[in-house]
Amino acid sequence: MRSPPTVQVVLGQPSARHEEAIKWLIGAVGARTAFVGPSAAPSDGPCLHYGIEPTGEHDRCIGVVAAPSHRLWTDLLDHRLPPGAAHRRIDFDIVAATSALLDDSEAASVDPRLLDRHGRLRAADSYHGRAGHAGTAIVNRYVEVLADALLAAGLRDPLPRWPSGRRAAIGLSHDVDRPDKYAVLGAVARGGPRTWARHPDLVLRAGRDIVRWARDSDRDDFWVFEPLIASEQRLALRSTFLFASMPSHGGYGSRHDVHYDIGWPRFGPLFASMREAHVEIGLHASYEAYRWPDRFAAERRRLEDVAGVTVRGLRHHYWHLGPDVDRTLRAHEEAGFTYDSSIAFNDAPGLRRGVALPYRPWDPALARPLRVLQLPVLAMDSALFASAASGERAAERLWPFIEEVLRTGGLGVLDWHVRASYPHNREYRSWAECYQLTLERLATIPELWVTDLGSLERWWTEREELLSG
């Protein structure tokens with residue numbers, strides 16, 4: 001990538017958080033940021049004044065109003081903003097509004113009774129969801145307005161957002177929750193009396209599953225790794241598979257965790273074939289991992305040891321980040337991860353923090369952005385099938401969300417469970433048909449970069465390095 005242009009920025013009232021938000025917004029446009037004082041000589045390129053009026057000398061400057069109470073620019077989001085209205089002055093505080101969404105500050109005051117039993121906020125109960133914008137790439141639209149203003153002020157040759165002339169990106173990922181339909185039987189059989197005493201719920205589940213197992217004519221139809229990977233590679237697409245390394249019967253596993261164990265013999269050949277095919281493997285952090293920060297590092301090490309790969313990213317099982325999300329995200333950094341993709345709506349497609357671009361969450365305790373890149377999830381399979389829709393109808397329901405990402409030049413991650421990604425079993429056939437139909441459609445759009453999460457993180461990090469250099 002070539003060297004990017006620079007935008008001079010004058011702050012009316014310096015703030016570390018707002019400086020980072022401005023750098024992120026201008027970086028998303030494709031330019032570097034240079035903070036200067038009000039008396040600095042104007043540069044040859046464009047400049048931005050935040051919370052302070054540009055003087056007559058700065059004829060290539062735009063002004064952005066500082067209004068900390070601004071949250072949603074409804075005229076813009078409802079397409080009522082006249083073209084060119086923001087070219088000289090932006091009368092909405094896109095900086096404060098972007099910070100509020102990326103920091104999730106509105107969720108701090110949410111009534112706990114609105115959260116589901118796993119502590120997750122439903123799309124309709126989120127701040128932007130209540131305004132009808134749960135599926136809108138809100139922050140991307142703020143970036144668009146800023147880009148228009150900077151281009152009108154003389155910005156030239158901004159850095160491309162995505163490689164090879166692509167306009168937007170879709171990340172493909174698979175949570176490996178239940179690749180073995182009857183893994184609970186293996187857990188109980190291998191665990192012995194000690195496991196039975198510690199996990200009586202597993203014994204009860206095993207009692208129910210043994211009846212199903214005896215009647216099942218195809219007991220292995222959830223294990224679809226090989227045909228799934230082949231279906232993606234046939235379309236020149238790549239995905240990330242996130243495996244759990246702490247099962248329900250492990251040292252601090254819970255009844256919500258997976259029942260398989262990556263140490264079982266069957267996983268060795270699978271990991272070897274994935275290494276050979278250069279398929280990315282990530283961590284599916286356990287349900288209770290957030291309770292002790294060192295658990296992330298321990299789970300990561302075990303997965304690396306067993307799979308024989310370097311694990312760069314993770315996603316939490318059930319999106320279960322715990323009550324102190326900032327602390328959990330900080331623990332990801334301490335454990336050495338480079339990206340996370342755990343911030344999502346569970347009940348509906350949409351953007352949990354209103355952004356369809358990678359970002360580094362601000363940590364209030366450290367007073368800086370975290371080094372772990374957040375890759376925003378756009379949709380999970382089960383959210384589309386809450387009403388038992390057919391595969392075709394679910395794919396049609398998903399597509400407008402993908403179009404929003406494409407229109408705003410963004411990134412949206414799709415999360416499809418392995419058993420529901422390839423139509424080999426009757427139970428999840430419609431889910432898998434939806435995924436395969438979506439893959440086929442994605443592959444026909446040359447403007448989209450469809451790839452695994454690690455490739456997205458590496459590209460964005462290299463781009464950030466150019467923007468900060």
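Computed over heavy atoms, backbone and side chain alike; hydrogens, waters and symmetry mates excluded. Numbering of residues begins at 1 and proceeds along the displayed sequence.
Side chain to side chain, S468 and E464 fail the donor-acceptor criterion of an N or O pair below 3.5 Å. In summary, the side chains of Y50 and D93 do present a donor paired with an acceptor at a separation below 3.5 Å, with no hydrogens or angles considered. Using a 3.5 Å distance cut-off with no hydrogens or angles, the side chains of S239 and E232 do pair a donor with an acceptor. For R312 and T240, the side-chain atoms include no donor-acceptor pair closer than 3.5 Å. Remark: the H316 side chain and the H332 side chain contain an N/O donor-acceptor pair separated by less than 3.5 Å.
The only option from N140, I170, L456, V355 that meets the side chain to side chain contact (heavy atoms under 4.5 Å, CB included) definition with L411 turns out to be L456.
D103 and R17 are joined by a salt bridge, as a carboxylate oxygen and a charged side-chain nitrogen come within less than 4.0 angstrom of each other. Ion pairing between a basic and an acidic side chain is recognised when a charged N comes within 4.0 Å of a carboxylate O; D257 and R255 show no such pairing. Using a 4.0 Å cut-off between charged nitrogen and carboxylate oxygen, E333 and R368 count as a salt-bridge pair. Look at E144 and R407 and you find a salt bridge, because one of the NZ, NE, NH1 or NH2 atoms lies within 4.0 Å of a carboxylate O, short of that distance. Under the 4.0 Å criterion applied to side-chain N and carboxylate O atoms, R122 and D347 are not assigned as salt-bridge partners. Of the charged side-chain nitrogens involved, at least one lies within less than 4.0 Å of a carboxylate oxygen, so that R441 and E396 count as a salt-bridged pair.
The closest donor-acceptor contact from the side chain of D78 to the backbone of R80 lies at 3.5 Å or more, if one exists at all. The closest donor-acceptor contact from the side chain of R88 to the backbone of C61 lies under 3.5 Å. Checked by atom type and distance alone, the side chain of D381 pairs as donor or acceptor with a backbone atom of H417 at under 3.5 Å. Side-chain atoms of D363 do not come within 3.5 Å of backbone N or O of A367 as any donor-acceptor pair. Looking at R275, its side chain does come within 3.5 Å of a backbone N or O of A307 through a donor-acceptor pair. Using modelled atom types, one side-chain atom of R166 and one backbone atom of L448 make a donor-acceptor pair closer than 3.5 Å. Side-chain N or O atoms of H49 include none that pairs as donor or acceptor with a backbone N or O of V64 at under 3.5 Å. Between the side chain of Q8 and the backbone N or O of L48 there is no donor-acceptor pair closer than 3.5 Å.
V279 places none of its side-chain heavy atoms less than 4.5 Å from the side chain of F225. Side-chain contact between V65 and I90: absent, with no pair of heavy atoms (C-beta onward) separated by less than 4.5 Å. Side-chain contact check for V450 versus I445: every heavy-atom pair is 4.5 Å or farther apart. A heavy-atom distance below 4.5 Å is not found between the side chains of W362 and D326. In this structure, the side chains of L357 and V139 stay at 4.5 Å or more apart for every pair of heavy atoms. At least one side-chain heavy atom of T136 sits less than 4.5 Å from a side-chain heavy atom of E404. Here the side chains of L11 and I52 are not in contact, with every heavy-atom distance at 4.5 Å or above. Residues T438 and I402 are in side-chain contact: their nearest non-hydrogen atoms beyond the backbone lie under 4.5 Å apart.
Ring centroids of F92 and H70 are separated by less than 6.0 Å, placing the two rings close together. Taking the six-membered ring wherever Trp is involved, the centroid distance between the rings of F385 and Y428 does not fall below 6.0 Å. A ring-centre distance under 6.0 Å is found for F267 and Y260. For Y435 and H174, the ring centers are positioned less than 6.0 Å apart. Proximity of the aromatic rings of W460 and W162 is defined here by a centroid distance below 6.0 angstrom, and this criterion is met. Under the 6.0 Å cut-off for aromatic ring centres, H118 and Y318 qualify, their centroids lying closer than that.
P293 and R327 make their closest contact through CD-NH2, 3.4 Å (heavy atoms, listed as atom of the first residue, atom of the second, distance). Residues P369 and E20 approach most closely at CG-OE1, 3.6 Å, considering heavy atoms. Nearest heavy-atom pair, A123 versus A348, reported as atom, atom and distance to 0.1 Å: CB-CB, 4.0 Å. Across R315 and L453, no two heavy atoms sit closer than the pair NH2-CD1, 4.1 Å. Nearest heavy-atom pair, V405 versus G412, reported as atom, atom and distance to 0.1 Å: CG1-N, 3.8 Å. Considering every non-hydrogen atom in both P160 and W459, the closest pair reads O-CZ2, 4.2 Å.
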side-chain contact (heavy atoms from CB on, under 4.5 Å) evaluation trace for L378 with V413:
CA-CA 5 Å; L378 182 65; V413 173; 5.9 Å; no
Working for side-chain contact (heavy atoms from CB on, under 4.5 Å), residues I343 and L329
CA-CA 10 Å; I343 296 177; L329 297 181; 4.3 Å; yes
Under the side-chain hydrogen bond (donor to acceptor under 3.5 Å, both in side chains) rule, what do R360 and T461 come out as? Steps first, then yes or no, please.
CA-CA 10 Å; R360 299 186 189 274; T461 297; 3.2 Å; yes
Let me see the working for E304 and R300 under salt bridge (charged side-chain N to carboxylate O under 4.0 Å, His left out), right down to the final yes or no.
CA-CA 6 Å; E304 289 182 331; R300 180 188 182 195; 3.4 Å; yes
Run D104 and R352 through salt bridge (charged side-chain N to carboxylate O under 4.0 Å, His left out) and show every step you take.
CA-CA 9 Å; D104 206 25; R352 173 65 181 78; 2.9 Å; yes
Between S286 and H317, is a side-chain contact (heavy atoms from CB on, under 4.5 Å) present by the stated rule, with each step listed?
CA-CA 6 Å; S286 67; H317 193 40; 6.0 Å; no
Under the salt bridge (charged side-chain N to carboxylate O under 4.0 Å, His left out) criterion, do E299 and R302 qualify, and how do the steps go?
CA-CA 5 Å; E299 291 183 21; R302 180 167 191 248; over 6 Å; no
Could you please spell out the steps behind the side-chain contact (heavy atoms from CB on, under 4.5 Å) verdict for V9 and V36?
CA-CA 6 Å; V9 176; V36 299; over 6 Å; no
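Under the 6.0 Å distance and 45° angle rule, R295 counts as a cation-pi partner of Y252. Judged by the 6.0 Å and 45° rule, R141 forms no cation-pi pair with W73.
How far OG1 of T451 is from CZ of R238: 6.5 Å, rounded to the nearest 0.5 Å. Rounding to the nearest 0.5 Å places CH2 of W416 at 12.0 Å from CG of D175. With rounding to the nearest 0.5 Å, the separation of OG1 in T328 from NE2 in H320 is 9.0 Å. The distance from the CZ atom of F345 to the CG atom of L351 is 7.5 Å, given to the nearest 0.5 Å. For the atom pair CZ (R393) and CG (L398), the distance works out to 14.5 Å, reported to the nearest 0.5 Å. Interatomic distance, CG of D452 versus CZ of R458, reported as 6.5 Å (0.5 Å rounding).
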